[in-house]
Amino acid sequence: MRLKRAALLFSLGLLAAPALRAEYVVLRSGQRLKVTGYQVVGDKYRLQMGGGTVEIAAEDVVAIEPEEVFTPMPAQPVAKAPYRELVEAAAERYKVDADLITSVIAVESNFDPKALSPKNARGLMQLLPETAERLGVQNIYDPKENIEAGTRYLRELLQRYNNDLALALAAYNAGPERVQQYGRVPPFAETLSYVRRVKRTYEKSKSKPSAKASARPAALAATSQHRTGQSP
């Protein structure tokens, strides 16, 4: 009897334990639903969400992806951020604000050069292997190569969207095809959060006393002579 009772309490404890990580259910429409649990019921998915449960036809579910979570990094002066020399070199080469590059790295990988996401994005600026290959990267985990390629790609996006920082960041996160599909920042929770976090980090860096008052908010100072002619 004691064993049965102990087993029951253990089972209840598991049911009551909070989920360590949320997940995203990706629908065929492109919508991403943040859920804390799910189960298959016949030909439907029963999704557990913050406001309760909802059932979705299984054929409408494209994928179920774990939420990408990095441990928040304590605020620190930009001048002391890791890889600052590499960032400034890439900023000078591609005419992108160094503080923006640092902000993207902070949100993308929390300055971990070996970061690997569930979507197979890698390194400091979380490059996909196909993007890295197009940009000529030999070692995607090498901080210098990763920052150089990530900055070049970021510049391409800023140029593509006429210096609209929100659209450029959305394309960096969700892909240019999604921005083109919606004609705006895609309505994905992950992308909306990503754009807000990078912009907030970037704005904080610009609010520091040491920040230059003349810094351009859209972060791109390249003229037409710097264009590569390549589309992302």
Side-chain angles (χ1 to χ4, degrees), residues 65 67-73 76 78-161 163-179 185-186 188 190-206 218-222 226 228 230-232:
E65 303 172 345
E67 182 179 27
E68 297 181 40
V69 178
F70 291 104
T71 304
M73 185 173 183
Q76 57 178 314
V78 174
K80 294 183 180 179
Y83 308 105
R84 188 63 182 180
E85 290 185 4
L86 296 179
V87 166
E88 289 180 346
E92 177 62 26
R93 177 186 295 273
Y94 297 109
K95 306 306 177 187
V96 177
D97 193 323
D99 290 343
L100 176 61
I101 301 169
T102 298
S103 299
V104 169
I105 294 173
V107 174
E108 285 285 357
S109 67
N110 193 25
F111 299 97
D112 179 3
K114 300 299 183 183
L116 175 64
S117 82
K119 297 178 183 177
N120 204 29
R122 307 176 184 186
L124 289 169
M125 296 191 74
Q126 289 291 274
L127 300 175
L128 290 172
E130 53 267 32
T131 302
E133 182 179 4
R134 178 177 71 81
L135 296 172
V137 175
Q138 299 298 314
N139 180 359
I140 199 169
Y141 289 113
D142 177 71
K144 184 177 185 298
E145 286 196 74
N146 194 285
I147 291 173
E148 284 271 336
T151 301
R152 177 181 165 189
Y153 183 45
L154 187 58
R155 184 196 68 175
E156 290 178 1
L157 295 175
L158 285 163
Q159 291 178 328
R160 177 170 181 160
Y161 299 109
N163 227 21
D164 187 314
L165 183 56
L167 290 182
L169 292 174
Y172 195 99
N173 175 262
E177 64 282 353
R178 289 300 194 187
V179 173
V185 175
F188 306 149
E190 177 188 337
T191 302
L192 292 170
S193 173
Y194 174 82
V195 172
R196 283 196 300 267
R197 290 165 63 201
V198 175
K199 290 184 69 175
R200 183 168 59 245
T201 303
Y202 182 47
E203 289 164 2
K204 284 182 178 179
S205 73
K206 289 305 175 190
L220 180 64
H226 296 292
T228 62
Q230 298 180 355
S231 59

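Quick caveat, the model's predicted, so the values are computed rather than measured.
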Heavy atoms only: give me the nearest Leu157-Pro176 pair and the separation to one decimal. CD2-CG, 4.0 Å

Going from CG on Asn173 to CG on Leu169, what distance comes out if it is rounded to the nearest 0.5 angstrom? 9.0 Å

So with a 6.0 Å cut-off around CD of Glu92, is the heavy-atom count from everything else above 12? no

Nearest 0.5 Å, please: how far is CG in Asp97 from CG in Leu154? 10.0 Å

Asn146 (side chain) donor-acceptor with Tyr141 (main chain) under 3.5 angstrom: no

Give a yes or no on whether the backbone of Tyr202 and the side-chain of Ser205 come within a donor-acceptor separation of less than 3.5 Å. yes

Identify the two heavy atoms, one from Ala149 and one from Val137, that lie closest to each other, and give their separation to 0.1 Å. CB-CG2, 3.3 Å

Does atom CD (Glu85) have a neighbourhood of more than 12 heavy atoms from anything else shown, all under 6.0 Å? no

At their closest point, which heavy atom of Val195 faces which heavy atom of Ala170, and how far apart are they? CG2-N, 3.8 Å

Taking Asp99 first and then Arg84, would you say they form a salt bridge - that is, a charged N and a carboxylate O separated by under 4.0 Å? yes

Between Asp142 and Lys144 (side chain of the first, backbone of the second, donor and acceptor by atom type, cut-off under 3.5 Å), is there such a pair? yes

Any idea which heavy atoms bring Ala115 and Ser109 closest together, and the distance? CB-CB, 3.8 Å

What's the shortest heavy-atom distance between Ser117 and Gln126, and which atoms? CB-OE1, 3.3 Å

Sidechain N-carboxylate O distance under 4.0 Å for Lys199, Glu203: no

Audit row: Tyr83, Ile105, side chain to side chain contact (heavy atoms under 4.5 Å, CB included) steps and yes/no: CA-CA 10 Å; Tyr83 308 105; Ile105 294 173; 5.6 Å; no

What distance separates Arg200 CZ from Lys204 NZ, expressed to the nearest 0.5 Å? 6.0 Å

Separation between OG1 of Thr131 and OH of Tyr153, rounded to the nearest 0.5 Å: 5.0 Å

Check: Glu145 side chain, Asn139 main-chain N or O, donor-acceptor pair, under 3.5 Å: yes

Take atom CD of Gln138 as the centre, draw a 6.0 Å sphere, and report whether it contains more than 12 heavy atoms from other residues, nucleotides or ligands. no

Passes side chain to side chain contact (heavy atoms under 4.5 Å, CB included), Leu86 versus Leu124? Steps please. CA-CA 12 Å; Leu86 296 179; Leu124 289 169; 6.0 Å; no

How long is the straight-line distance from CZ of Arg152 back to CZ of Arg134, given to the nearest 0.5 Å? 6.5 Å

Quick one: pull up OG1 in Thr151 and CE in Met125 and give me the separation to the nearest 0.5 Å. 4.5 Å

Can you name the nearest heavy-atom pair linking Leu127 to Ile140, along with the distance? O-CD1, 3.4 Å

Can you tell me if Tyr194 and Glu108 form a side-chain donor-acceptor pair at under 3.5 Å? yes

